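Values below: every heavy atom of this structure, side chains too, minus hydrogens, waters and symmetry copies. Just so it is clear, the model here is predicted, and its values are computed rather than measured.
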Amino acid sequence: MEGLGVLEEMAELTRQGEAFALATVVWRQSPSSSQPGARAIITARGELRGWIGGACAEPVVIREAQQVITEGTARLLLLGTPEQFGAAVPDGMTVIPISCQSEGALEVYIEPVLPVPHLVIAGDSPMARTLASLAGALGWRTDLIRGPDFTPEAANGRSMIVVATQGHGDEDVLEHAVAARPAYLGLVGSRRRGATVLGYLADRGVPRDQLDRVRVPAGLDLGRTTHQEIAVAILAELVQLRASGALASGAHGREPATESARQAGPEGGRPAGRTALVIDPVCGMTVSADSSRPLRYKGTDYYFCCAGCRRAFEQDPHAYLKRETRC
């Protein structure tokens with residue numbers, strides 16, 4: 001995947017609401033195999049799509065990109081041996097030693113691309129319209145859907161759903177909302193009304209563990225309030241839960257997957273979830289556990305970034321294992 005393909009994949013992941021990082025090569029030192037401007041997408045699951053370098057750089061970039069996604073902060077990496085940079089490294093850069101046989105070096109900028117929150121409001125009351133307006137002011141992707149038109153396909157495991165039908169088909173709409181298995185599901189109404197609706201759905205066979213996730217009433221408890229203030233209370237609760245990490249993407253529901261992700265092969269992407277990252281005991285570099293045939297020593301498999309490290313270990317494994325123990 002190159003050039004336009006990376007941009008198209010970014011657009012698709014953004015549409016699906018999936019967090020990812022974009023890695024861009026901004027400088028190289030020959031004979032590195034990469035080129036300035038080379039780009040790759042790394043998903044939160046560690047799947048790399050695109051090209052930023054060979055086997056030496058890829059595991060490190062994947063690991064750092066996952067941290068960038070988690071922290072939400074970009075970082076600039078210098079990949080090479082410390083001797084190549086010396087004291088000339090500017091503040092703010094992260095130097096990661098790698099010891100490829102090519103002796104090349106890379107500078108890679110990794111930036112997070114985090115999904116815009118998706119709020120689905122089922123209902124057409126003044127409160128629902130106020131909530132939609134407030135969420136839109138925050139830049140959230142907001143869908144305001146009439147109760148009879150709401151279906152489980154309107155949301156996914158990353159969405160937040162607020163059922164605000166307020167007595168007009170609450171049971172049917174909430175049943176559809178539960179089926180979507182969203183990150184958040186709240187029902188606007190009193191606790192008494194909520195208990196009645198949830199009891200009705202339990203009698204209809206909706207699993208109790210799903211009903212237990214419904215927040216009734218939706219929003220922070222601000223006491224006696226107007227419909228505008230109820231909208232503020234709901235939005236405040238959503239902001240609070242997101243900030244605390246309680247609404248982690250896909251934690252409770254189905255996750256949308258792009259067709260390209262499902263069909264990705266060796267060139268389109270590699271699901272890193274199937275491949276462990278390990279440390280080369282000789283040089284300390286992060287390598288993929290499937291990057292080469294492992295060397296088994298005393299019942300343990302060891303992996304190496306290059307043939308040179310493998311030979312050094314074969315000649316004197318005890319020296320490197322002693323160093324590992326000291327660390």
Check: Is Leu201 close to Leu211 at the side-chain level, that is, under 4.5 Å between some pair of heavy atoms?
Finding: yes
Item checked: Leu119 side chain reached by Leu238 side chain, heavy atoms, under 4.5 Å -> yes
Notebook entry, point to check: Any side-chain heavy-atom pair from Leu77 and Tyr109 closer than 4.5 angstrom?
Noted result: no
Note to self: What's the separation between atom CZ in Arg224 and atom CD in Glu229, rounded to the nearest 0.5 Å?
What the structure shows: 11.5 Å
Item checked: From CG (Asp316) to CZ (Arg311), nearest 0.5 Å -> 15.5 Å
Notebook entry, point to check: So, for Ile52 and Leu106, which heavy atoms are closest and what is the spacing to 0.1 Å?
Noted result: O-CD1, 3.5 Å
Notebook entry, point to check: Would Asp209 and Arg213 pass as an ion pair if we require N to O under 4.0 Å?
Noted result: no
Next item on the list: Kindly indicate whether the side chain of Tyr184, heavy atoms from C-beta on, has any atom under 4.5 Å from the side chain of Val162.
Entry: yes
Note to self: Looking only at the side chains, is there a donor atom on one of His118 and Asn156 sitting less than 3.5 Å from an acceptor on the other?
What the structure shows: no
Notebook entry, point to check: What are the two closest non-hydrogen atoms of Pro36 and Arg28, and how far apart are they?
Noted result: CD-CD, 3.5 Å
Next item on the list: Indicate if Ile161 and Val173 have the same hydrophobic cluster label, given that clusters are the connected sets of ILVMFWY residues with side-chain heavy-atom separations under 4.5 angstrom.
Entry: yes
Margin query: Is there a side-chain contact between Leu235 and Trp140 in this structure, where contact means two heavy atoms from C-beta onward sitting under 4.5 Å apart?
Written below: yes
Checklist line | Any donor-acceptor pair under 3.5 Å from Arg215 side chain to Ala218 backbone | finding: no
Note to self: For residues Val239 and Leu222: do they belong to one hydrophobic cluster (side chain heavy atoms under 4.5 Å, members Ile, Leu, Val, Met, Phe, Trp, Tyr)?
What the structure shows: no
Check: How long is the span from the CE atom in Met10 to the CG atom in Leu22, to the nearest 0.5 Å?
Finding: 5.0 Å
Checklist line | Any side-chain heavy-atom pair of Arg242 and Met160 under 4.5 Å | finding: yes
Checklist line | Closest non-hydrogen atom pair between Ala154 and Ile145, with its separation | finding: CB-CD1, 3.7 Å
Notebook entry, point to check: Would Tyr297 and Glu314 count as having a side-chain donor-acceptor pair, cut-off 3.5 Å?
Noted result: no
Next item on the list: Would you kindly confirm whether Leu220 and Val188 end up in one hydrophobic cluster when ILVMFWY residues are joined by side chain heavy atoms under 4.5 Å apart?
Entry: no
Note to self: For Arg49 and Leu13: C-alpha separation, side-chain torsions, deciding distance, then whether side chain to side chain contact (heavy atoms under 4.5 Å, CB included) applies.
What the structure shows: CA-CA 12 Å; Arg49 307 172 192 174; Leu13 290 174; 3.7 Å; yes
Check: What is the minimum heavy-atom distance between Arg158 and Gln16, and which atoms define it?
Finding: NH1-O, 3.6 Å
Check: Less than 4.0 Å between a side-chain N and a carboxylate O, is that true for Glu18 and Arg45?
Finding: yes
Next item on the list: Salt-bridge test for Glu175 and Arg204: reply yes if a basic N is under 4.0 Å from a carboxylate O, no otherwise.
Entry: yes
Note to self: When you measure from the side chain of Thr300 to the backbone of Arg296, do you find a donor-acceptor pair of N or O atoms at a distance under 3.5 Å?
What the structure shows: no
Notebook entry, point to check: Any side-chain heavy-atom pair from Phe304 and Leu295 closer than 4.5 angstrom?
Noted result: yes
Margin query: Strictly distance-based, threshold 3.5 Å: is any side-chain N or O of Ser133 a donor or acceptor partner for the main-chain N or O of Arg129?
Written below: no
Check: Is it the case that Arg193 and Gln166 place a side-chain donor and acceptor less than 3.5 Å from each other?
Finding: no
Notebook entry, point to check: Sub-3.5 Å donor-acceptor pair from the side chain of Thr43 to the main-chain atoms of Glu47, do we have one?
Noted result: yes
Next item on the list: Assess the side chains of Gln228 and Thr226: does a donor N or O sit below 3.5 Å from an acceptor N or O?
Entry: yes
Notebook entry, point to check: So, are Arg146 and Asp124 salt-bridged, with charged N and O less than 4.0 Å apart?
Noted result: no
Check: If you round to the nearest 0.5 Å, how far is CG of Leu131 from CD1 of Ile234?
Finding: 5.5 Å
Check: Mind checking whether Arg63 and Ile96 have side chains closer than 4.5 Å, heavy atoms only?
Finding: yes
Item checked: Separation of Ile42 CD1 from Ile62 CD1 (nearest 0.5 Å) -> 7.0 Å
Item checked: Expected output: side-chain Glu107 to main-chain Trp27 donor-acceptor under 3.5 Å -> no
Next item on the list: State yes or no: do Val178 and Tyr200 share one hydrophobic cluster built from I, L, V, M, F, W and Y residues joined by side-chain heavy-atom distances below 4.5 Å, directly or via other members?
Entry: yes
Checklist line | Smallest separation among heavy atoms of Pro281 and Tyr302, with atom names | finding: CG-CD2, 3.9 Å
Notebook entry, point to check: How far does CG of Asp149 sit from CG of Asp143, to the nearest 0.5 angstrom?
Noted result: 12.5 Å
Next item on the list: Test side chain to side chain contact (heavy atoms under 4.5 Å, CB included) on Leu198 and Val214 and set out the steps.
Entry: CA-CA 9 Å; Leu198 295 177; Val214 180; 4.1 Å; yes
Next item on the list: Would you sort out whether Leu76 and Val108 count as a side chain to side chain contact (heavy atoms under 4.5 Å, CB included), showing the intermediate values?
Entry: CA-CA 6 Å; Leu76 185 60; Val108 182; over 6 Å; no
Check: What are the two closest non-hydrogen atoms of Thr130 and Ala231, and how far apart are they?
Finding: CG2-CB, 3.8 Å
Check: Mind checking whether Leu187 and Leu185 sit in one hydrophobic cluster, side chains of I, L, V, M, F, W, Y counted as touching below 4.5 Å?
Finding: yes
Next item on the list: Kindly determine whether Val68 and Thr73 satisfy side chain to side chain contact (heavy atoms under 4.5 Å, CB included), including the steps that lead there.
Entry: CA-CA 6 Å; Val68 163; Thr73 304; over 6 Å; no
